[in-house]
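To start, the structure under review is shown below, and the notes come after it.
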Amino acid sequence: MSPQQFREIAWNGPWKQNTGLAQLLGLCPILAISTSTVNAVSLGLATILVMALSNLAVSALRNFIPYEIRIPVFILIIAALVTMVDLAFNAFFHDLYLVLGIFIPLIVTNCIVLARVEAYAAKNDPLTSTIDGIMMGLGLVWVLGLLGAMRELIGAGTLFAGIEMIIPGASAISVFGDDYNGFLIAILPPGAFFALGMLIAAFNAINARLAARARHQPPPATARKAPEEEGDTEPAAAS
């Protein structure tokens with residue numbers, strides 16, 4: 001992989017082709033599980049693992065999968081990997097597994113994973129496809145984490161509620177104190193739509209500003225050619 005290709009992948013996943021803000025894929029888990037930072041980031045990390053491994057598997061097997069049945073085969077591969085992640089969560093993070101519930105198995109049908117497998121992993125080498133899956137997953141994680149933090153902070157006045165399910169002995173951070181009554185709509189479904197809408201508006205505004213700055217940026221200066229290169233010669237003396 002060339003450095004230029006790596007930079008393009010690293011820019012596309014977290015920002016340019018962000019699955020939650022630019023492509024608007026996988027909105028069901030983004031909106032439903034982002035009631036707290038811990039829940040949102042945990043599901044995002046599970047999705048990163050599935051995306052990286054599924055991209056790697058599909059890219060390695062792409063020459064052996066008949067084109068006519070590629071989609072069922074892709075889904076079978078993703079389902080096998082999601083089952084492994086689901087069992088791992090149940091074994092090592094049982095309390096968190098109970099909170100996330102059906103949303104871990106639903107990664108199988110998440111259009112983010114299937115779309116990236118079909119659009120990228122089936123056409124590129126394993127290393128590039130794996131990095132692409134990780135970067136696309138990171139784009140989802142930061143959107144989920146920011147959305148969960150916004151909703152948890154406004155709705156309950158805390159951050160990292162439920163962290164004890166991952167790190168025993170840890171506790172949530174009370175930002176506004178125990179007297180904060182909370183803003184209930186922030187952690188209800190309408191709050192998810194409002195918060196995501198604000199993130200998309202900010203994302204589009206930043207992109208518009210970057211595009212305007214690029215248009216007004218002067219072109220790079222070119223070095224002036226030497227007179228010999230320009231064909232300049234001394235005028236011939238009059239005879």
Side-chain angles (χ1 to χ4, degrees), residues 1-37 39-56 58-59 71 74-75 78 82 103 106-124 127-154 186 189-217:
M1 182 193 307
S2 65
Q4 176 63 30
Q5 189 177 12
F6 177 79
R7 286 193 294 268
E8 183 178 352
I9 293 174
W11 172 248
N12 283 343
W15 188 262
K16 185 178 179 180
Q17 296 182 11
N18 187 280
T19 53
L21 301 180
Q23 301 186 56
L24 301 182
L25 297 176
L27 293 184
C28 177
I30 289 176
L31 296 173
I33 208 64
S34 60
T35 53
S36 72
T37 311
N39 294 350
V41 173
S42 299
L43 184 65
L45 293 176
T47 307
I48 281 184
L49 185 59
V50 172
M51 289 187 71
L53 294 177
S54 60
N55 275 18
L56 173 62
V58 169
S59 179
I71 299 300
F74 294 165
I75 293 177
I78 296 170
V82 170
F103 289 102
L106 281 178
I107 296 176
V108 176
T109 59
N110 195 324
C111 50
I112 297 174
V113 183
L114 184 59
R116 210 59 199 168
V117 164
E118 165 70 11
Y120 198 91
K123 303 171 185 176
N124 292 277
L127 177 60
T128 306
S129 299
T130 303
I131 295 176
D132 178 79
I134 294 173
M135 291 302 175
M136 283 291 171
L138 285 175
L140 176 66
V141 166
W142 79 259
V143 171
L144 277 171
L146 183 56
L147 191 62
M150 289 171 56
R151 296 181 64 192
E152 180 185 355
L153 184 62
I154 298 173
F193 284 98
F194 292 146
L196 182 62
M198 287 189 290
L199 285 182
I200 294 174
F203 175 78
N204 291 336
I206 293 172
N207 281 336
R209 185 166 185 173
L210 291 176
R213 182 181 299 176
R215 286 195 301 268
H216 291 89
Q217 187 175 5

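Summarising the geometry of Gly20 relative to Leu27, their closest heavy-atom pair is O-CD2, 4.4 Å, with the distance given to 0.1 Å. Here the shortest heavy-atom pairing between Lys123 and Ala119 reads CD-O, 3.6 Å. Shown here for Pro14 and Ile9, the closest heavy-atom pair between the two residues is CD-O, 4.2 Å. Scanning both residues, Cys111 and Gly26, for their nearest heavy atoms gives SG-N, 3.4 Å. Across all their heavy atoms, Gly133 and Met51 have their closest contact at O-CB, 3.8 Å. Closest non-hydrogen pair, Thr37 versus Gly145, comes out as CG2-O, 4.1 Å.
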* Derivation of the side chain to side chain contact (heavy atoms under 4.5 Å, CB included) call for Phe103 and Cys28 -> CA-CA 9 Å; Phe103 289 102; Cys28 177; 4.2 Å; yes

* **Steps toward side chain to side chain contact (heavy atoms under 4.5 Å, CB included) verdict (Ile48, Leu140)** => CA-CA 8 Å; Ile48 281 184; Leu140 176 66; over 6 Å; no

* Evaluate the side chain to side chain contact (heavy atoms under 4.5 Å, CB included) criterion for residues Asn12 and Met135: first the C-alpha distance (whole Å), next the side-chain angles of each, then the deciding distance (0.1 Å), finally the verdict. => CA-CA 8 Å; Asn12 283 343; Met135 291 302 175; over 6 Å; no

* **Derivation of the side-chain hydrogen bond (donor to acceptor under 3.5 Å, both in side chains) call for Ser36 and Glu152** => CA-CA 5 Å; Ser36 72; Glu152 180 185 355; 4.8 Å; no

* Asked: What's the verdict on side chain to side chain contact (heavy atoms under 4.5 Å, CB included) for Leu21 and Trp15, showing C-alpha distance, side-chain angles and the deciding distance?
  -> CA-CA 8 Å; Leu21 301 180; Trp15 188 262; 5.6 Å; no

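Note that CG of Asn39 is 10.5 Å distant from CG of Leu144, once rounded to the nearest 0.5 Å. Note that the CD1 atom of Ile112 and the OG1 atom of Thr19 stand 4.0 Å from one another [nearest 0.5 Å]. Annotation: the span from Leu114 atom CG to Phe74 atom CZ amounts to 8.0 Å, rounded to 0.5 Å. Rounding to the nearest 0.5 angstrom, the gap separating the CZ atom in Arg209 from the CG atom in Asn204 is 15.0 Å. For the atom pair CD1 (Ile134) and OG (Ser129), the distance works out to 11.0 Å, reported to the nearest 0.5 Å. We find the OG-CD1 distance between Ser54 and Ile107 to be 10.0 Å, quoted to the nearest 0.5 Å.
Looking at Leu24 and Ile200, their side chains come closer than 4.5 Å, going by heavy atoms from C-beta outward. Between Met136 and Gln17, some side-chain heavy-atom pair lies under the 4.5 Å cut-off. The shortest distance between side-chain heavy atoms of Leu43 and Val141 does not fall below 4.5 Å. Residues Pro189 and Leu31 fail the side-chain proximity criterion, which asks for heavy atoms closer than 4.5 Å. Using a 4.5 Å cut-off on side-chain heavy atoms (C-beta onward), Arg116 and Asp132 make contact. Between Leu127 and Thr130, the closest side-chain pair of non-hydrogen atoms is not below 4.5 Å.
Thr109 places a side-chain N or O within donor-acceptor distance of the main-chain N or O of Leu106, the cut-off being under 3.5 Å. Formation of a donor-acceptor pair under 3.5 Å by the Trp11 side chain with backbone atoms of Lys16 is not found in this model. Remark: the backbone N or O of Leu147 is not paired with any side-chain donor or acceptor of Ser34 at under 3.5 angstrom. Judged by distance alone, with hydrogens and angles left aside, the side-chain atoms of Asn18 form a donor-acceptor pair with the main-chain N or O of Gly139 at under 3.5 Å. A donor-acceptor pair under 3.5 Å is absent between the side-chain atoms of Thr128 and the main chain of Asn124, judged by distance alone.
With a 6.0 Å radius and a threshold of 12 heavy atoms from other residues, nucleotides or ligands, Phe203 has its CZ atom above the threshold.
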